[in-house]
Amino acid sequence: MAKVSVNLDDDLDGDDSARKLKELSAPLPSVSKSKSTALKDAPRVQFSFTNVPKPIKEAFAYEAQKRGVTQKELLYECLRAGGINIPDAAEIDGRRR
């Protein structure tokens with residue numbers, strides 16, 4: 001019986017058509033997704049203020065509860081209202097990496 005030689009080592013890097021296929025199949029960059037991914041993967045740091053009057057703290061907590069969001073999400077909403085471009089909390093939540 002004759003022997004058959006099979007070479008399974010495909011050198012796709014040396015093949016010009018394979019390179020072109022890789023380029024065509026590469027995902028397109030998304031500016032919005034890259035920003036939210038960068039924020040999601042960014043290191044976490046403490047964010048706090050100096051002492052504020054208790055009625056202000058209670059009003060902030062009450063407003064968050066009334067809107068059905070966490071205090072962090074309400075802070076993000078306030079920052080967005082001030083003109084800072086912050087993605088939705090679900091997009092940058094570090095627990096969903």
Side-chain angles (χ1 to χ4, degrees):
M1 183 178 256
K3 288 186 177 180
V4 177
S5 176
V6 177
N7 184 4
L8 297 177
D9 294 330
D10 294 332
D11 184 17
L12 295 178
D13 293 329
D15 189 6
D16 191 43
S17 61
R19 182 189 54 78
K20 187 170 272 191
L21 283 174
K22 283 182 184 179
E23 288 176 5
L24 291 173
S25 64
L28 296 175
S30 169
V31 174
S32 61
K33 284 194 177 192
S34 63
K35 181 175 182 177
S36 62
T37 301
L39 289 173
K40 185 183 288 190
D41 294 337
R44 299 301 193 227
V45 296
Q46 277 297 113
F47 184 83
S48 61
F49 299 101
T50 60
N51 292 334
V52 296
K54 189 173 182 179
I56 293 174
K57 168 68 173 146
E58 291 171 347
F60 190 82
Y62 175 75
E63 184 64 26
Q65 183 182 19
K66 187 172 85 174
R67 294 180 184 208
V69 297
T70 65
Q71 291 185 32
K72 185 190 295 188
E73 290 171 331
L74 180 59
L75 174 65
Y76 290 167
E77 287 181 23
C78 292
L79 293 172
R80 281 187 210 102
I84 299 174
N85 186 14
I86 299 174
D88 290 337
E91 291 181 38
I92 59 176
D93 189 351
R95 296 171 293 181
R96 298 185 182 115
R97 290 183 195 197

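In this text, all values refer to a predicted model and were calculated from it rather than measured experimentally.
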Test of understanding: clusters of I, L, V, M, F, W, Y form through side-chain heavy atoms closer than 4.5 Å, transitively. Do [X] and [Y] belong to the same one?
X: Y76; Y: Y62; value: no
X: L74; Y: F49; value: yes
X: I84; Y: F60; value: yes

Begin from the C-alpha positions of F47 and L75 and carry the test side-chain contact (heavy atoms from CB on, under 4.5 Å) through to its verdict. CA-CA 11 Å; F47 184 83; L75 174 65; 3.4 Å; yes
Any idea which heavy atoms bring R80 and P87 closest together, and the distance?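 Shortest heavy-atom contact: NH2-O, 2.8 Å.
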Within a reach of under 6.0 Å around CD of E63, are more than 12 heavy atoms found that belong to other residues, nucleotides or ligands?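 For E63, atom CD is crowded (more than 12 foreign heavy atoms under 6.0 Å).
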CG of N85 to CG of L79: how many Å apart, nearest 0.5 Å? 11.5 Å
For the pair R67 and E77, find out whether any cationic side-chain nitrogen is under 4.0 Å from an anionic carboxylate oxygen.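 Result for this pair is yes, salt bridge flagged.
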